[in-house]
Amino acid sequence: MDQQQIREVVKMTLDELAQRNMLKDPYQDILRIVDKDLRDYFNNKGDGNGVSYALHQILDDPYIDLIYLHYRDERTIEDIAEYYDKDTSTILRNKKRLVKSIYEMIRDV
């Protein structure tokens, strides 16, 4: 079996599991952890060392402001989409990407 065939089998399997509601979205667990850490950090609760380090590591990301706007300033996704002049799906996709990055860095600290 070559790589393309493996990808197709995996995709079909995941699609089938998703249709049967048998998949749990691991992003939800990551979001819960990072969401609490970021809110604590911006509200001056907890030590925030890992969060501070992670934010510093992604400072050059073009969507870093969305983390500050959402967690520090408590702006909605719609407001942030307007700020960036982008669709809300673009903001959500980049938030997910940044949250995963922050999670990986926090976990490693």
Side-chain angles (χ1 to χ4, degrees):
M1 200 178 253
D2 67 13
Q3 288 289 69
Q4 183 61 31
Q5 290 171 320
I6 293 170
R7 278 191 213 109
E8 289 175 18
V9 169
V10 169
K11 184 182 179 331
M12 289 182 347
T13 303
L14 289 172
D15 288 345
E16 181 69 25
L17 290 171
Q19 285 178 351
R20 295 179 184 206
N21 293 321
M22 296 174 72
L23 287 179
K24 180 180 175 192
D25 185 2
Y27 172 68
Q28 293 305 316
D29 292 335
I30 291 170
L31 179 60
R32 252 188 299 283
I33 292 165
V34 176
D35 187 70
K36 181 186 178 323
D37 288 345
L38 285 168
R39 290 189 191 283
D40 287 350
Y41 174 76
F42 286 117
N43 289 316
N44 297 317
K45 298 177 185 171
D47 64 10
N49 290 335
V51 172
S52 179
Y53 169 79
L55 291 174
H56 182 72
Q57 295 301 308
I58 59 173
L59 270 178
D60 293 338
D61 191 285
Y63 285 93
I64 185 64
D65 286 346
L66 84 82
I67 296 296
Y68 289 93
L69 291 167
H70 186 68
Y71 291 100
R72 184 191 63 201
D73 301 341
E74 299 181 358
R75 304 250 320 254
T76 65
I77 295 299
E78 291 77 16
D79 287 343
I80 297 168
E82 207 172 288
Y83 170 84
Y84 277 101
D85 194 27
K86 300 287 183 188
D87 189 69
T88 55
S89 63
T90 300
I91 300 305
L92 288 170
R93 184 176 58 253
N94 282 284
K95 179 180 177 241
K96 184 176 186 176
R97 178 181 58 78
L98 289 170
V99 164
K100 283 182 176 181
S101 295
I102 291 169
Y103 175 78
E104 291 297 323
M105 286 182 256
I106 289 172
R107 200 177 67 179
D108 292 342
V109 170

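In this structure a side-chain-to-backbone donor-acceptor pair under 3.5 Å is missing from D35 to L31. Under a 3.5 Å cut-off, the side chain of E16 and the backbone N or O of T13 do not form any donor-acceptor pair.
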Donor-acceptor contacts under 3.5 Å from residues 75-82 side chains, at least two apart:
residue	atom	partner	partner atom	Å
T76	OG1	D79	N	3.1
T76	OG1	D79	OD2	3.3

*Can you check side chain to side chain contact (heavy atoms under 4.5 Å, CB included) on I91 and H70, steps first, answer last?*
CA-CA 11 Å; I91 300 305; H70 186 68; over 6 Å; no
*So L55 and Y68, side chain to side chain contact (heavy atoms under 4.5 Å, CB included) or not? Walk me through it.*
CA-CA 10 Å; L55 291 174; Y68 289 93; 3.8 Å; yes
*Start with the C-alpha distance between K11 and R7, add both sets of side-chain angles, then the distance that settles side chain to side chain contact (heavy atoms under 4.5 Å, CB included), and finish with yes or no.*
CA-CA 6 Å; K11 184 182 179 331; R7 278 191 213 109; over 6 Å; no
*Start with the C-alpha gap between K86 and N94, add the side-chain angles, then the distance that decides, and say whether side chain to side chain contact (heavy atoms under 4.5 Å, CB included) holds.*
CA-CA 11 Å; K86 300 287 183 188; N94 282 284; over 6 Å; no
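Rounding to the nearest 0.5 Å gives a distance of 9.5 Å between CG of D65 and CG of L59. Rounded to the nearest 0.5 angstrom, N43 CG and Y71 OH are separated by 12.5 Å. Note that the NE2 atom of H56 and the CD1 atom of I64 stand 11.0 Å from one another [nearest 0.5 Å]. How far CD1 of I6 is from CD of E8: 10.5 Å, rounded to the nearest 0.5 Å. Separating the CZ atom in R97 from the CD1 atom in I102 is a distance of 10.0 Å, to the nearest 0.5 Å. Between L98 atom CG and I58 atom CD1 the span is 5.0 Å, to the nearest 0.5 Å.
Other residues, nucleotides and ligands contribute over 12 non-hydrogen atoms within 6.0 Å of the CG atom of D2.
Minimum heavy-atom separation, K95 to L66: CB-CD1, 3.6 Å.
With sequence neighbours left out, the ring-ring contact (aromatic ring centres under 6.0 Å, His included) criterion links Y63 to Y84.
Using a cutoff of 4.0 Å between basic side-chain nitrogens and carboxylate oxygens, R32 and D29 are scored as salt-bridged.
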